[in-house]
Amino acid sequence: MEEPTYVVSQVSKDLERHKSEQMAQKSEAAQLLKKIEKIQAEQKSIKSHESELTRYLEGLGADLSNLKSQSLNERRAASDSLERLQEEVAKLWIELKIANGSVCNTCPEKWINFQRKCYYFGEGAQMWIQAKYACNDLHAQLVSIHSPEEQDFLSRHAKKDSWTGLQDLDVEGEFIWLDGSPVDYSNWRPGEPNNQDPGENCMMMVGSSGQWNDAFCRSQLEGWVCQQLATC
Ligand code: MMA
Ligand code: CA
């Protein structure tokens with residue numbers, strides 16, 4: 001049997017130990033609680049950062065898709081206008097070739113090609129009306145003139161005084177071309193047209209220079225010039 005004093009001291013020692021263990025546990029628990037609180041605070045701040053980041057990312061995504069659709073639209077518009085420009089260039093190229101006479105430049109025998117027309121330089125005394133019918137017989141018309149280049153070509157080829165398609169038979173002073181083309185060029189000799197007595201309503205090119213003079217339609221001239229479109 002043990003001594004009672006010994007037993008008491010043993011129990012008190014145990015109690016002591018138990019107490020100190022309890023205290024240690026308490027402080028550990030308190031520390032743990034603090035850690036948990038800290039972690040919770042960190043979690044909260046992470047969450048708030050997260051939502052900020054999410055918003056930021058969403059904003060970036062929207063910007064990106066805006067930019068994408070904008071650049072897509074711009075690309076489409078650019079390729080549209082490129083296509084239109086290419087068509088325009090192709091058209092102009094063809095027009096230029098036609099104007100040059102490098103596409104449609106085929107003429108019948110005895111006719112001379114210049115740019116897009118064929119010309120026939122008729123010779124033999126004719127009044128204007130006869131020259132007009134002579135051209136019609138050749139499936140052509142009395143010539144119309146629309147540029148210095150065309151005039152220069154005609155001046156070089158027409159050696160005689162020659163009838164042309166310009167006349168003011170309908171209304172005195174209002175000259176029009178027989179083929180209905182606009183009067184967009186002229187080469188009158190100074191002082192012409194003067195509608196000299198008994199009235200001059202038909203234009204002739206003067207053989208030596210190619211300059212224009214209104215002449216009496218029933219005069220007989222030695223030359224007349226017909227035109228028709230060249231074929232392709
Ligand atoms: C001629 C005749 C006219 C012309 C004059 C210019 C004399 O008449 O060709 O049409 O206007 O010459 O002097
Ligand atoms: Ca005249």
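Quick caveat: nothing in here was measured; it's all calculated off a predicted structure. All ligand and atom numbering here is 1-based and tracks the order in the structure. Residues take their numbers from the sequence shown, with the count starting at 1.
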Looking only at side-chain N and O atoms, does [Y] offer a donor or acceptor that is under 3.5 Å from a partner on [X]?
X	Y	value
Ser144	His146	yes
Gln151	Trp212	yes
Tyr185	Glu149	no
Asn136	Gln141	no

With respect to the Ca ion (ligand 2), what is the nearest N, O or S atom of Glu200? OE1
Atom of Glu192 nearest the Ca ion (ligand 2) (restricted to N/O/S, atom name only): OE1
Could you check which of Met203, Glu200, Met204, Glu192 puts a non-hydrogen atom nearest to atom 6 (C) of ligand 1? Glu192
Identify, for [atom], the protein heavy atom at the shortest distance, and state residue, atom and that distance.
atom	result
atom 9 (O) of ligand 1	Asn213 ND2, 2.9 Å
atom 1 (C) of ligand 1	Gln196 NE2, 4.2 Å
atom 12 (O) of ligand 1	Arg189 NH2, 4.2 Å

Can you tell me, to 10 degrees, how wide the angle at the Ca ion (ligand 2) is between OD1 on Asn194 and OD1 on Asn213? 140°
Does Lys159 pair with Glu222 as a salt bridge, N-O distance under 4.0 Å? no
Out of all atoms in ligand 1, which are within 4.0 Å of some heavy atom of Asp214? Include the element for each.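 With Asp214 as reference, the close atoms of ligand 1 come out as 10 (O).
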Using modelled atom types and a 3.5 Å cut-off, is there a donor and acceptor pairing between side-chain atoms of Asn213 and backbone atoms of Met203? no
